[in-house]
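To keep things clear, I will list the structure first and then write my remarks on it.
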Protein chains: 2
Amino acid sequence: MATQRDVARAAGVSLAVVSAVVNGTSHTRMRESTRTRVLRAMQQLGYQPNHAARSLRLNQTGMIAMILNKLDNPVYGPLRQGVYEAAAEHGATVLLGDAETMRSGSQFLTRLLSQGTVDGILVRGEGLLDDDVMAELHSHPKPILILEHAPDHPWIDIDDRRAGEIATRFLVNLRHRHIVFVGGSGYISQQRYLGYQQAMDSAGLAPAPHLATGFGEQAGADGLRQAMQAATAPTAIVVNNIMSAVGVLAAAHDLGIAIPDQLSVVGIHDVDLMQHLRPAVTAVRMPMYQLGWAGVEALYDLIAGRSGTGGLITDPEPELVIRDSATALNPAGAENLVRPATSLTTEIRARPQP
Amino acid sequence: MATQRDVARAAGVSLAVVSAVVNGTSHTRMRESTRTRVLRAMQQLGYQPNHAARSLRLNQTGMIAMILNKLDNPVYGPLRQGVYEAAAEHGATVLLGDAETMRSGSQFLTRLLSQGTVDGILVRGEGLLDDDVMAELHSHPKPILILEHAPDHPWIDIDDRRAGEIATRFLVNLRHRHIVFVGGSGYISQQRYLGYQQAMDSAGLAPAPHLATGFGEQAGADGLRQAMQAATAPTAIVVNNIMSAVGVLAAAHDLGIAIPDQLSVVGIHDVDLMQHLRPAVTAVRMPMYQLGWAGVEALYDLIAGRSGTGGLITDPEPELVIRDSATALNPAGAENLVRPATSLTTEIRARPQP
DNA sequence: CTACGTTGAATTAACGATACGTCACCGAAG
DNA sequence: CTTCGGTGACGTATCGTTAATTCAACGTAG
């Protein structure tokens with residue numbers, strides 16, 4: 001690898017000039033002819049600045065890390081996109097990490113945090129990062145921005161409460177009275193439940209308790225099963241986690257519940273997959289791309305010493321994408337939903353889950 | 001941030017001793033008491049080695065990059081896991097990149113490739129990396145290992161041909177005669193088609209042409225639609241890309257085709273999602289975890305100057321996970337359908353995912 | 001009693017890039 | 001003929017680590 005020294009020799013100038021050409025420094029001036037001579041030499045030698053040396057000298061790396069809870073959750077696609085694009089704007093490279101990589105003793109965390117490998121960190125842990133990790137995160141000098149509500153740290157988030165409200169109100173408007181919320185754990189689903197509660201309240205309906213079964217497909221299936229065991233079976237369901245919606249559909253199929261005829265389903269977070277399920281799932285699209293972009297901007301504010309620009313992203317608002325999994329309830333139709341408890345248990349036994 | 005110099009001053013020793021303590025160098029010897037004194041000083045000051053300085057000095061970073069075609073494709077979950085674990089074994093950190101980040105002009109590629117940000121690169125582009133990117137990849141000095149078949153570079157891959165063969169033979173054993181292959185583009189699906197072809201040939205059946213519709217849910221839907229337009233409609237289908245299977249299910253639903261009663265479906269690559277679809281999808285599980293692990297090992301061979309250890313991963317073999325999307329065809333007619341009996345096949349039954 | 005090996009540690013030269021301070025040169029103004 | 005300001009470029013300290021080299025002190029063997 002050619003170094004600046006090599007380039008300098010080849011161009012017949014000093015190191016300083018090469019550096020100035022590379023960085024466009026105004027401090028060191030030079031003739032245009034000198035500049036092109038250096039440029040040519042750089043090209044001929046295939047010169048590439050050494051990242052380590054640069055980082056050492058400048059005490060910044062041009063890299064930021066983003067740590068996500070489940071990297072292959074499709075809701076993160078647009079988030080990543082937003083982060084990448086905003087980072088590119090700052091000339092930065094993004095180092096992606098999965099929270100599962102961050103178990104104690106992992107090189108990843110330590111290296112990131114304390115060794116100055118990155119200039120700052122974005123974290124979206126979905127409330128699942130354990131206290132050890134959070135403590136380690138906060139014990140180090142580099143700026144951290146949390147991409148969800150955080151009590152005493154800079155944060156920025158999407159409006160999860162509003163999403164829960166939108167999903168619920170949509171079902172209320174479809175004349176559903178017995179709407180249940182299948183949630184996960186942590187602050188995020190708590191917020192969505194709050195929105196659900198609010199929509200129910202303002203419609204004069206009694207909110208059902210938060211069925212917190214966790215994340216992912218299995219959680220959705222469990223949630224639906226629990227919901228159907230209530231005294232009055234729900235006619236509609238708001239699913240906190242979008243991947244849980246897949247589980248809700250599967251469990252409904254297994255229990256012989258037709259969607260949307262017997263049960264309407266609305267998910268929170270919209271992903272491509274939803275339009276390819278049958279029935280295609282009605283979902284609330286969240287501004288994840290904007291979250292990513294805004295997150296990077298806020299992080300760079302932090303890096304620059306400015307603080308502040310955080311809070312909820314309100315533009316665009318969460319947006320309902322109507323597909324086929326929710327339908328209007330005929331006000332007279334509540335009675336002709338057949339769901340005898342005995343047959344339900346039989347069905348459950350027929351298909352034990354792994 | 002405390003430096004080695006600070007530690008040295010605090011412990012009353014020289015820089016060299018601190019460095020020796022940090023690295024456990026045998027070259028510089030010291031009294032045990034000195035060692036502990038240095039260790040205590042390090043703790044008190046919260047010393048953390050500076051990554052940039054270290055990289056500069058050693059000319060290696062302890063980071064490797066892995067570039068994947070679609071980061072949120074769930075088939076990559078186990079791959080990442082394998083890579084992370086093997087990398088941890090080498091004390092390395094993994095920098096994850098999506099191929100979409102690598103469009104021309106991206107900081108990511110350049111920084112990675114030429115500026116010595118990483119010690120080596122793993123790439124799985126699913127044949128979708130364009131020539132520019134590949135050219136740029138190969139024009140730089142750091143070792144690259146391709147996680148798929150590559151003509152003139154170190155590579156390591158899973159046995160895609162065998163996967164196509166296993167999927168097809170399973171359907172042949174279920175007495176299907178009209179089996180069609182819905183594929184994607186590129187070498188990987190080509191290999192799977194070859195396996196399909198081989199299984200068809202050895203069963204004395206005529207292979208259908210490769211329906212290459214691409215990747216993802218939509219591709220599956222398109223593929224099925226094309227397949228159903230043939231003179232004789234297929235009774236079974238092998239789906240190249242696992243996410244395409246979702247689209248196949250959706251399209252079948254839309255076309256009023258019952259799965260598995262009217263059409264049997266087997267996917268290649270098994271992911272959690274498959275067991276949560278209805279019907280749950282029978283799929284060939286590929287050793288992605290092993291691919292990741294072996295990839296890192298081979299990459300470190302390359303870094304160490306050793307070359308060789310590449311080729312197909314044959315242990316474990318691709319393995320069929322039987323679920324509900326494929327059923328036996330009665331030779332007397334499509335009306336008498338029988339669920340697959342264990343005696344009918346030599347394949348294994350579904351096992352829980354690790 | 002001296003030469004020598006061993007132990008325990010200090011000095012110091014890179015690694016590559018950056019930016020501050022310096023300086024030679026030249027034309028023009030005083 | 002100086003002095004001055006501007007231009008164009010050079011030297012070099014510095015970032016934090018590592019490892020080769022050097023070195024002082026101390027036993028011990030001859």
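Computation of the quantities below employed the complete heavy-atom set of this structure, encompassing side-chain atoms and omitting hydrogens, waters and symmetry-equivalent molecules. Just so we're on the same page: letters track the sequence lines, and every chain starts at 1.
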Exercise for review: Using atom CE of A:M42 as one end and atom P of C:dG16 as the other, report the distance to the nearest whole Å.
Suggested key: 16 Å

Practice item. Give the rounded distance in Å between these two atoms: CG of B:L58 and P of D:dG16. Key: 16 Å

Check your understanding: After noting the C-alpha distance and the side-chain angles of B:N23 and B:R54, does the key distance pass the side chain to side chain donor-acceptor pair (under 3.5 Å) rule?
Key -> CA-CA 11 Å; B:N23 304 292; B:R54 195 169 221 192; 2.6 Å; yes

Review point. Is B:S19 touching bases, backbone alone, or none of the nucleic acid, heavy atoms closer than 4.0 Å?
Key: base

Revision key, fill the gap. Taken to the nearest whole Å, CD/A:Q115 to C1'/D:dC15 is 16 Å

**Study point:** d(CZ, A:R54; P, D:dT14) in whole Å
**Key:** 22 Å

Exercise for review: Salt-bridge test for A:K70 and B:D72: reply yes if a basic N is under 4.0 Å from a carboxylate O, no otherwise.
Suggested key: no

Exercise for review: Starting at atom CD of A:Q60, determine the distance to atom P of D:dC15, rounded to an integer number of angstrom.
Suggested key: 17 Å

Exercise for review: Have a look at A:N23 and say if it touches a base, only the backbone sugar-phosphate, or nothing, with a 4.0 Å heavy-atom cut-off.
Suggested key: sugar-phosphate

Check your understanding: Are B:R80 and A:D98 within salt-bridge range, i.e. N to O under 4.0 Å?
Key -> yes

Practice item. Check the distance between C:dG16's P and A:L45's CG and give it to me in whole angstrom. Key: 14 Å

Point to revise | Interatomic spacing from OG1 in B:T61 to CE in B:M63 - rounded to 0.5 Å | key: 5.0 Å

Review point. For B:A20 and B:M30, which heavy atoms make the closest approach, and how far apart are they?
Key: CB-CE, 3.8 Å

Point to revise | Rounded distance (Å) that lies between atom C1' of D:dC15 and atom NE2 of A:H51 | key: 14 Å

Practice item. Take atom CG of A:N50 and atom C1' of C:dG16, then tell me their distance rounded to the nearest Å. Key: 6 Å

**Study point:** Under 4.0 Å protein heavy-atom contacts per nucleotide of nucleotides 5-10 of chain C, with B for base, S for backbone only and - for none
**Key:** --BBBB

Check your understanding: What's the spacing between B:Y300 OH and B:I303 CD1 if we round to 0.5 Å?
Key -> 5.0 Å

